[in-house]
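To start, the structure under review is shown below, and the notes come after it.
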Amino acid sequence: MRIRTVKACSPLVALLAMLSVAGGVSADPTEETADDHKVVEIATPAPVKDVMLLKAGAFIRTDEGYARLEPCAATLVCALKTGRVEQPTPTPPGGLPDGTVAERDDGDIRKAWYAMPTRRYPHGVLGDEFEAGSLVARTADGQTYKADLPTDEVFEDLTPRLADLDGDGTIEVVTIVSNAASGARLSIWGIVEGALAERAAGEPIGRANRWLNPLPVRDDAPVMAVITPHLGGPLLQWRFENDALSEPLPLGGETLFSNHSIGSRDLSTSVRNETIWAVPERERRALIVGRNDEVLFRLPLNFTVADDMAIVGNAVVMRSATGRLYAVRLP
């Protein structure tokens with residue numbers, strides 16, 4: 001195990017203070033009408049309890065079982081009833097109890113998960129009192145590597161994210177590390193000289209019990225995350241190059257975003273594909289849609305987005321707080 005001294009990007013404190021004073025005024029994204037991007041309700045057999053992103057695709061869970069989400073002409077996305085579905089792989093013994101294993105089929109790191117459950121960071125925004133003290137990675141040749149954090153830090157996360165961020169053929173592990181004094185930071189890990197090491201880190205938020213939630217990660221692409229999603233915060237983008245993270249680029253100007261609810265174990269209230277991303281505003285009553293580092297439009301909603309979103313075909317699927325399912329076409 002190796003903890004490296006890494007170069008952090010510029011402080012976030014000033015940016016967060018500016019947004020707090022500004023009150024979340026949008027950077028003038030174009031507001032779309034129903035004619036521009038119509039929100040369509042998807043018929044479901046019963047109120048939706050969960051939207052699940054699994055190896056086999058996107059599914060919903062209701063009291064009547066599971067349904068697979070598929071593109072269709074009538075409502076952009078249709079829910080097709082199915083049998084049992086393959087669930088994410090749970091962590092091995094010693095792993096974070098409510099965590100799962102991240103997996104991919106190529107690159108040096110094929111699996112990663114969190115281990116060494118601990119109560120040493122009493123925040124509890126992910127649904128229980130346990131966070132992880134260790135990160136475990138398994139490589140293509142079957143070797144297992146483990147890294148332990150200092151006693152004043154934890155992985156405040158459920159499942160690591162695997163991506164070749166800089167396109168060099170090796171896999172980075174994208175995590176959330178929280179410090180007892182300075183709160184959460186974006187933390188990038190990988191295999192370095194035969195050990196699992198922190199390769200780069202963003203600046204901590206600057207205060208204990210302040211968290212961030214990344215969007216889905218992609219190969220050869222920047223990392224994106226919402227800072228302080230429970231309060232409403234900025235959407236930032238970093239590039240990982242030469243074993244360092246760039247200074248964060250704010251997306252959406254002074255808009256405040258939210259992609260997680262306190263206590264939820266679902267971290268998927270934001271979506272992203274090769275170029276397009278979509279994240280709810282702070283109150284979850286509007287959706288901000290962008291392409292790369294540009295905001296395209298703001299879409300007002302007549303419902304509150306719950307903790308579930310997915311991309312199916314060319315549409316964003318959203319579950320409402322009342323269990324209804326909606327879709328909107330992507331640009």
Counting C-beta onward and ignoring hydrogens, is there a side-chain heavy-atom pair between [X] and [Y] closer than 4.5 Å?
{"X": "Tyr121", "Y": "Asn179", "result": "no"}
{"X": "Leu196", "Y": "Trp189", "result": "yes"}
{"X": "Val154", "Y": "Thr118", "result": "yes"}
{"X": "Tyr326", "Y": "Val40", "result": "no"}
{"X": "Glu281", "Y": "Leu256", "result": "no"}

salt_bridge([X], [Y]) N-O dist < 4.0 Å:
{"X": "Arg119", "Y": "Glu131", "result": "no"}
{"X": "Glu70", "Y": "Arg68", "result": "yes"}
{"X": "Glu153", "Y": "Arg120", "result": "no"}
{"X": "Asp157", "Y": "Arg161", "result": "yes"}
{"X": "Arg104", "Y": "Asp219", "result": "yes"}
{"X": "Glu203", "Y": "Arg185", "result": "no"}
{"X": "Asp307", "Y": "Arg284", "result": "yes"}
{"X": "Arg110", "Y": "Glu103", "result": "no"}

Heavy atoms from other residues, nucleotides or ligands near CD of Gln87 exceed 12 (cutoff 6.0 Å): yes
Over 12 non-hydrogen atoms of neighbours within 6.0 angstrom of CZ in Arg324: no
Kindly say whether [Y] contributes a backbone atom to a donor-acceptor pair with the side chain of [X] at under 3.5 angstrom?
{"X": "Trp277", "Y": "Asn292", "value": "yes"}
{"X": "Ser182", "Y": "Gly206", "value": "no"}
{"X": "His37", "Y": "Arg329", "value": "yes"}

Rounded at 0.5 Å granularity, tell me how far [atom1] in [X] sits from [atom2] in [Y].
{"X": "Trp113", "Y": "Lys111", "atom1": "CH2", "atom2": "NZ", "answer": "7.0 Å"}
{"X": "Phe303", "Y": "Glu41", "atom1": "CZ", "atom2": "CD", "answer": "9.0 Å"}
{"X": "Thr228", "Y": "Asn213", "atom1": "OG1", "atom2": "CG", "answer": "11.5 Å"}
{"X": "Ile276", "Y": "Glu294", "atom1": "CD1", "atom2": "CD", "answer": "9.0 Å"}
{"X": "Leu69", "Y": "Leu80", "atom1": "CG", "atom2": "CG", "answer": "8.0 Å"}
{"X": "Arg199", "Y": "Asn242", "atom1": "CZ", "atom2": "CG", "answer": "10.0 Å"}

Ile311 reachable from Met52 in the ILVMFWY side-chain graph, under 4.5 Å edges: no
Cluster overlap Ile188 with Val136, hydrophobic side-chain contacts below 4.5 Å: no
So which heavy atom on [X] is nearest to which on [Y], and how close?
{"X": "Val173", "Y": "Pro160", "value": "CG1-CB, 3.6 Å"}
{"X": "Ala46", "Y": "Thr62", "value": "O-CG2, 3.5 Å"}
{"X": "Phe257", "Y": "Gly252", "value": "CZ-CA, 4.4 Å"}
{"X": "Ala315", "Y": "Val77", "value": "CB-CG2, 4.0 Å"}
{"X": "Trp211", "Y": "His123", "value": "CB-CE1, 4.2 Å"}
{"X": "Ser261", "Y": "His230", "value": "C-CD2, 3.8 Å"}

Arg138 vs Thr144, side-chain hydrogen bond (donor to acceptor under 3.5 Å, both in side chains): CA-CA, chis, key distance, verdict: CA-CA 4 Å; Arg138 184 164 295 160; Thr144 299; 3.0 Å; yes
Would you say the side-chain atoms of [X] and [Y] include a donor-acceptor pair closer than 3.5 Å?
{"X": "Ser270", "Y": "Asn259", "answer": "yes"}
{"X": "Asp141", "Y": "Gln143", "answer": "yes"}
{"X": "Thr89", "Y": "Thr100", "answer": "no"}
{"X": "Thr170", "Y": "Asp168", "answer": "yes"}

Given Ile227, Leu212, Val226, the one that forms side-chain contact (heavy atoms from CB on, under 4.5 Å) with Pro234: Ile227
Aromatic centroids of Phe155 and Tyr114 separated by under 6.0 Å: yes
